[in-house]
Amino acid sequence: ISYICRRFLMVEFFFIQITCKPKCCSLFYLDINECETIQQACQGEMKCFNHYGGYLCLPRSASVITAPEPSSQSEPSVPVESNEAFNPCPVGYRAQGDTCVDIDECELDMHDCQPSQECINTVGTYTCQCPDGYSKIGIECVDIDECRYRYCQHRCVNVPGSFSCECEPGFQLAGNNRSCVDVNECEMGAPCQQRCYNSYGTFLCRCDQGYDLGPDGFSCNDIDECSYSSFLCQFQCVNEPGRFSCVCPEGYELLGTRLCQDVNECETGTHQCGTGQVCVNIHGGHQCVNSNRCQDPFVQVSENRCICPVVKPECRDLPFSIVHRYMSITSERSVPSDIFQIQATSVYPGAYNSFRIRSGDENDEFYIRQINNISAMLVLARAVTGPKEYVLDLEMVSVSPLINYQTSSVLRLSVYVGPHAF
């Protein structure tokens, strides 16, 4: 029994008629599906299509249309064993009623895409594509290292299928997620204790005057200016947060910011002197002295002058007059130092005047230097430390050879040494 089997193949809109010999379609021979029995029958992007007695390697987009067997009275109909069910629709379609609908090979897992590829269903067929961030090398999808193309301004971190940009410390990603812009740490709560200065990519901490930046670069530590020098203040330095101040002892007031000057209680009216007393200002305080300091046989003739009348026998060996004076000097004064000038107020014609310390200088701390016949200078010979009081009787002896006359007068000088060197 012999007959002719016919099939039609449509490849990219071209029809190919395949005619089988009787032996390939006979009852006694079965077609071999080479697409299943031959490993990798078609290479590359070609797809294997089996037909009776052979197979074809066609592009994946090719469709095979199986033509129905022709009905002929002259040729007996012989049942044929077939390995495919009859499908009146093109490859990639299935019959649904009177129409052909697309087969979703991706959903039905009828594709041969690699695990690394994505199956994309198309009309009548499908395609295998690589996900974003991958490139196709051979039949595999390989991750694209975007960092090789320097998309990032600072650092690039490649991840499977993508990449991310990172910025150095002190910067943050811009809106394009690639560029880096400076971060103003001072506006974002930088840990500076006092002052913060933003700079490109970082920030600096600075301290107010009177503070030092700590080892951590953030904190500010107070500077103890008083420990640096003993000459910052004339009397005493007091350290304060971020600064220092000078203070003066009792009886003094601050002059400017560093120096101390004596407060004149006698002028400010802050003394406690009573009636019959005179206020004498001294360094660091004041003294209240009696307004009448004349002692018998001396009598007071003015506010600070006493005389011993010649009519009194006891006045014979005493100075004719005593004048009271007061002065104050500082401690640790450099020596020798001129501290008080003596001046004769009345001079007899032809008289010779001499000056001496009559009493009060038991330790030889002072001496007299005569300037001329009518004046002399009291000199401090040794450094003295107060508070201390000296009462010196400075005597001027006058001798007149013309009238054979000798007399003397005393300046009683109270010297107050202050407690400080200022």
Side-chain angles (χ1 to χ4, degrees), residues 39-40 42-47 59-61 92 102-225 228 241-243:
Q39 186 178 6
Q40 296 183 351
C42 295
Q43 302 292 327
E45 297 295 320
M46 306 301 286
K47 185 176 180 180
R60 293 182 182 275
S61 59
D102 176 59
I103 298 174
D104 190 343
E105 295 87 352
C106 300
E107 182 178 353
L108 298 176
D109 198 22
M110 296 172 61
H111 62 86
D112 58 357
C113 295
Q114 298 297 320
S116 61
Q117 297 174 338
E118 293 180 352
C119 177
I120 308 297
N121 185 61
T122 59
V123 178
T125 183
Y126 64 92
T127 61
C128 297
Q129 293 184 359
C130 292
D132 291 339
Y134 291 83
S135 62
K136 193 172 183 180
I137 299 179
I139 61 174
E140 294 293 335
C141 293
V142 180
D143 175 53
I144 298 173
D145 186 2
E146 296 86 353
C147 296
R148 297 171 53 191
Y149 305 104
R150 298 184 180 180
Y151 290 138
C152 301
Q153 183 178 356
H154 285 181
R155 291 196 304 261
C156 178
V157 179
N158 186 61
V159 294
S162 184
F163 71 98
S164 63
C165 295
E166 295 180 353
C167 296
E168 301 292 344
F171 296 86
Q172 65 182 6
L173 279 176
N176 58 11
N177 290 326
R178 295 186 179 183
S179 303
C180 294
V181 294
D182 176 57
V183 174
N184 190 339
E185 296 87 351
C186 299
E187 296 179 353
M188 300 177 64
C192 296
Q193 184 175 353
Q194 292 184 353
R195 297 184 182 182
C196 180
Y197 295 93
N198 185 60
S199 60
Y200 189 70
T202 183
F203 66 96
L204 296 174
C205 294
R206 291 294 180 263
C207 298
D208 297 332
Q209 184 176 0
Y211 292 87
D212 268 339
L213 193 64
D216 58 3
F218 308 130
S219 60
C220 294
N221 302 321
D222 175 56
I223 298 173
D224 186 1
E225 297 88 350
Y228 289 168
R243 60 185 297 271

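All heavy atoms count here, side chains included; hydrogens, waters and symmetry mates do not. Values in this document were obtained by computation on a predicted structure and should not be read as measured data.
- The ring-ring contact (aromatic ring centres under 6.0 Å, His included) contacts involving residues 168-202 comprise His154-Phe171, Phe171-Tyr200, where partners must be two or more places apart or lie in separate chains.
- Listed by first and then second residue, the salt bridge (charged side-chain N to carboxylate O under 4.0 Å, His left out) pairs involving residues 149-159 are Arg155-Glu166, Arg155-Glu168 (not counting sequence neighbours).
- One distance of note links CD of Glu105 with NE2 of His111; it measures 9.5 Å at 0.5 Å rounding.
- Residue pairs that meet the salt bridge (charged side-chain N to carboxylate O under 4.0 Å, His left out) test with at least one member in residues 131-146, sequence neighbours left out, are Glu45-Lys136.
- With sequence neighbours excluded, the residues that form a side-chain hydrogen bond (donor to acceptor under 3.5 Å, both in side chains) with Ser179 are Asn176.
- Between Cys156 and Cys147, the SG-SG separation falls below 2.5 Å.
- In this structure, Thr202 has no side-chain hydrogen bond (donor to acceptor under 3.5 Å, both in side chains) partners at least two apart in sequence or on a different chain.
- In this structure, Gln40 and Gln43 approach most closely via the heavy-atom pair O-NE2, 3.0 Å.
- The SG atom of Cys180 sits 5.0 Å away from the CD atom of Gln153 when rounded to the nearest 0.5 Å.
- Under the rule for a ring pair (Phe, Tyr, Trp, His ring centres under 6.0 Å), the partners of Tyr151 that lie at least two apart in sequence or sit in another chain are Tyr149, Phe163.
- For the atom pair CZ (Arg243) and CG (Asp222), the distance works out to 11.0 Å, reported to the nearest 0.5 Å.
- For Asp112, the salt bridge (charged side-chain N to carboxylate O under 4.0 Å, His left out) partners are Arg60, not counting sequence neighbours.
- Under the side-chain hydrogen bond (donor to acceptor under 3.5 Å, both in side chains) criterion, Asp216 pairs with Ser219, sequence neighbours left out.
- The environment of CD in Gln194 is crowded: more than 12 heavy-atom neighbours from other residues, nucleotides or ligands sit within 6.0 Å.
- The 12-atom threshold is exceeded at CE of Met46, counting heavy atoms of other residues, nucleotides or ligands nearer than 6.0 Å.
- Residue pairs meeting the salt bridge (charged side-chain N to carboxylate O under 4.0 Å, His left out) criterion with at least one partner in residues 180-191, sequence neighbours excluded, do not occur; the list is empty.
- For the atom pair CD1 (Ile139) and CD (Gln117), the distance works out to 7.5 Å, reported to the nearest 0.5 Å.
- Asp102 is linked by a side-chain hydrogen bond (donor to acceptor under 3.5 Å, both in side chains) to Asn121, counting only residues two or more places apart in sequence or in another chain.
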- Residue pair Cys130, Cys141: steps toward the disulfide bond (SG atoms under 2.5 Å apart) verdict: CA-CA 6 Å; Cys130 292; Cys141 293; 2.0 Å; yes
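- Here the OG1 atom belonging to Thr125 is positioned 12.0 Å from the CD1 atom belonging to Ile120, to the nearest 0.5 angstrom.
- Phe218 approaches Pro191 most closely through the heavy-atom pair CB-O, 3.4 Å.
- Cysteine sulfur proximity is satisfied for Cys165 and Cys152, their SG distance being under 2.5 angstrom.
- Annotation: ring-ring contact (aromatic ring centres under 6.0 Å, His included) contacts involving residues 114-143, sequence neighbours excluded, are absent.
- A 4.5 Å side-chain heavy-atom check between Cys192 and Cys186 finds every atom pair outside the cut-off.
- Disulfide criterion (SG-SG under 2.5 Å) for Cys128 and Cys119: not met.
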Can you give each donor-acceptor pair under 3.5 Å made by side-chain atoms of residues 205-212, sequence neighbours left out, with the distance rounded to 0.1 Å?
residue, atom, partner, partner atom, Å
Asp208, OD1, Arg195, NE, 2.6
Asp208, OD1, Arg195, NH2, 3.3
Tyr211, OH, Gly242, N, 3.4

